[in-house]
Novice: 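First, the structure itself, so that you have it in front of you.
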Number of protein chains: 2
Amino acid sequence: MNSIEEKLKYSNYRITGQRAAILEVMMDNRGKHLSAEEVLYRAREKMPNIGMATVYRTLDKLASIEVLYKTMFGEGRYRYELCDEGTHQHHHIICPGCGRITEMEDDLLNILEQKIESQGYEIIDHDLKFYAYCPECRSKR
Amino acid sequence: MNSIEEKLKYSNYRITGQRAAILEVMMDNRGKHLSAEEVLYRAREKMPNIGMATVYRTLDKLASIEVLYKTMFGEGRYRYELCDEGTHQHHHIICPGCGRITEMEDDLLNILEQKIESQGYEIIDHDLKFYAYCPECRSKR
DNA sequence: ACTAAAATGATAATGATTATCAATAATATT
DNA sequence: AATATTATTGATAATCATTATCATTTTAGT
Ligand SMILES: [Mn+2]
Ligand SMILES: [Mn+2]
Ligand SMILES: [Zn+2]
Ligand SMILES: [Zn+2]
């Protein structure tokens with residue numbers, strides 16, 4: 001169960017026009033971290049009458065089957081992005097100066113996860129964020 | 001600048017009765033993760049007229065000088081706890097079944113942080129969460 | 001075509017956080 | 001000590017992202 005198609009198939013929920021539009025938006029914006037509002041705006045370019053409740057519902061559904069990754073970068077609203085396929089979800093570096101979000105691949109967490117699993121837990125997900133001034137913002141201080 | 005007293009002193013903001021009460025609440029609940037509402041409730045036991053705006057203001061202020069750690073465990077509201085002194089902030093394991101939060105010490109992130117700093121970033125903070133079914137919740141499935 | 005279930009969109013409701021502002025308290029100045 | 005200046009407080013209203021409601025529409029299975 002790895003590709004988006006498989007996840008959708010096994011979720012057995014209907015691929016309506018609205019949902020396809022939202023998924024397209026997310027795929028068109030691979031690597032970006034979109035808020036529900038931004039998704040609504042872009043989805044309306046494909047489907048002018050789509051409502052915001054549908055956007056919220058669909059984003060949550062896609063997140064629940066791990067097609068999307070839903071997280072908050074400390075601004076009081078969730079953002080969504082396509083999940084990494086196969087590999088571990090990447091980490092984020094958020095600059096408190098300019099708000100820019102950088103991504104980071106790494107496998108060190110596997111070690112921690114093994115430790116946690118050896119204590120009887122079943123890991124579903126993880127979320128690692130660094131708050132760090134980026135090189136540009138640092139030079140401006 | 002490590003102990004709470006030092007942090008308060010260098011922050012030079014006034015230690016009013018309300019602020020002392022809130023700080024006391026947090027110290028009485030070391031290891032717990034309290035919402036603003038819970039802090040309000042407990043603070044009112046010491047100071048019946050304290051208002052909720054003051055609680056929010058104070059919690060944010062204490063978080064800004066790193067006396068408190070403010071984070072969200074995926075339920076749409078922030079929670080606050082005393083910062084670890086000296087050492088690195090610990091990590092959290094959140095059980096999607098029962099909501100229980102477990103803490104975890106570890107130093108592996110130092111390696112990642114060095115990597116990030118070598119790229120010119122200046123790290124302020126980090127936040128690592130694992131979402132994992134706890135042993136009890138696992139056996140109930 | 002017919003029926004049952006699922007999805008949609010408009011709108012209202014919720015709930016946590018923030019802003020406002022007059023009243024009060026703390027500190028500095030005389 | 002009295003006064004002036006500044007910060008803090010609490011009541012309340014405002015904000016804003018997310019959720020709930022519900023009548024209507026769409027879909028899938030027969
Ligand atoms: Mn990302
Ligand atoms: Mn903790
Ligand atoms: Zn920056
Ligand atoms: Zn549990």
Side-chain angles (χ1 to χ4, degrees), chain A residues 7-26 33-65 67-81 94 96 99, chain B residues 8-26 33-65 67-81 96 99:
Chain A
K7 287 172 181 170
L8 288 173
K9 186 170 176 186
Y10 280 96
S11 76
N12 69 306
Y13 82 82
R14 298 173 184 168
I15 310 296
T16 63
Q18 290 85 336
R19 287 173 181 176
I22 290 169
L23 195 50
E24 260 189 66
V25 167
M26 298 311 297
H33 308 87
L34 303 180
S35 66
E37 199 188 0
E38 288 166 345
V39 174
L40 174 68
Y41 181 81
R42 288 167 163 79
R44 280 196 166 149
E45 292 170 355
K46 300 171 192 283
M47 188 153 260
N49 293 321
I50 192 170
M52 97 146 94
T54 299
V55 170
Y56 273 109
R57 279 186 294 237
T58 303
L59 290 174
D60 276 1
K61 214 148 217 159
L62 290 174
S64 79
I65 60 171
V67 167
L68 299 183
Y69 184 68
K70 171 184 181 179
T71 189
M72 233 176 76
F73 295 109
E75 19 145 38
R77 82 176 110 187
Y78 287 100
R79 291 188 172 272
Y80 304 80
E81 70 177 310
I94 301 121
Chain B
L8 288 173
K9 186 171 177 185
Y10 281 97
S11 77
N12 69 305
Y13 81 83
R14 298 176 185 167
I15 310 296
T16 63
Q18 290 85 334
R19 287 171 181 177
I22 289 169
L23 195 51
E24 260 187 66
V25 166
M26 298 311 295
H33 308 86
L34 302 180
S35 66
E37 199 188 0
E38 288 166 344
V39 174
L40 175 66
Y41 181 80
R42 288 166 162 79
R44 280 197 166 149
E45 292 169 355
K46 299 170 192 284
M47 189 154 257
N49 292 322
I50 193 171
M52 96 145 95
T54 300
V55 170
Y56 273 108
R57 279 186 294 238
T58 303
L59 290 174
D60 276 1
K61 214 149 218 162
L62 290 174
S64 80
I65 61 173
V67 166
L68 299 183
Y69 183 68
K70 171 184 180 179
T71 188
M72 233 176 74
F73 295 108
E75 21 144 37
R77 82 176 108 187
Y78 288 100
R79 291 188 171 272
Y80 303 80
E81 68 177 311

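Basis for what follows: all heavy atoms, side chains included, without hydrogens, waters or symmetry-related copies. What you see is a predicted model; the values in this text were computed from it and never measured.
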Novice: In this structure, how many angstroms lie between the C1' atom of C:dA7 and the CG atom of A:Leu62, rounded?
Specialist: 14 Å
Novice: State whether A:Gln18 places a side-chain N or O below 4.0 Å from either non-bridging phosphate oxygen (OP1 or OP2) of D:dT26.
Specialist: no
Novice: Whole angstrom is fine here: how far is it from CE in A:Met47 over to P in D:dT26?
Specialist: 11 Å
Novice: Using whole Å, what does the distance between atom P of nucleotide D:dA17 and atom CG of A:Leu34 come to?
Specialist: 15 Å
Novice: Rounded to the Å, how far apart are A:Tyr13 OH and C:dT8 C1'?
Specialist: 14 Å
Novice: Do you know which two heavy atoms are closest between A:Val55 and A:Ala36, and how far apart they sit?
Specialist: CG1-O, 3.7 Å
Novice: Nucleotide by nucleotide, 5' to 3', does protein get under 4.0 Å of the base (B), only the sugar-phosphate (S), or neither (-) in nucleotides 16-27 of chain C, counting heavy atoms?
Specialist: SBBBB-----SS
Novice: Which distance, rounded to the nearest 0.5 Å, do you find between the CD1 of B:Ile50 and the CD1 of B:Ile22?
Specialist: 4.0 Å
Novice: In whole angstrom, what separates A:Asn49's CG from D:dT24's P?
Specialist: 18 Å
Novice: How would you list, by chain and number, every residue that makes a side chain to side chain contact (heavy atoms under 4.5 Å, CB included) with A:Glu38, sequence neighbours excluded?
Specialist: A:Leu34, A:Ser35, A:Arg42, A:Arg79
Novice: Tell me, do A:Met26 and A:Leu68 make a side-chain contact under 4.5 Å, heavy atoms counted?
Specialist: yes
Novice: Give the rounded distance in Å between these two atoms: CD1 of A:Ile50 and P of D:dT25.
Specialist: 18 Å
Novice: Partners of A:Lys9 by side chain to side chain contact (heavy atoms under 4.5 Å, CB included), sequence neighbours excluded?
Specialist: none
Novice: If we only count heavy atoms from C-beta on, is the A:Val25 to A:Lys46 side-chain gap below 4.5 Å?
Specialist: yes
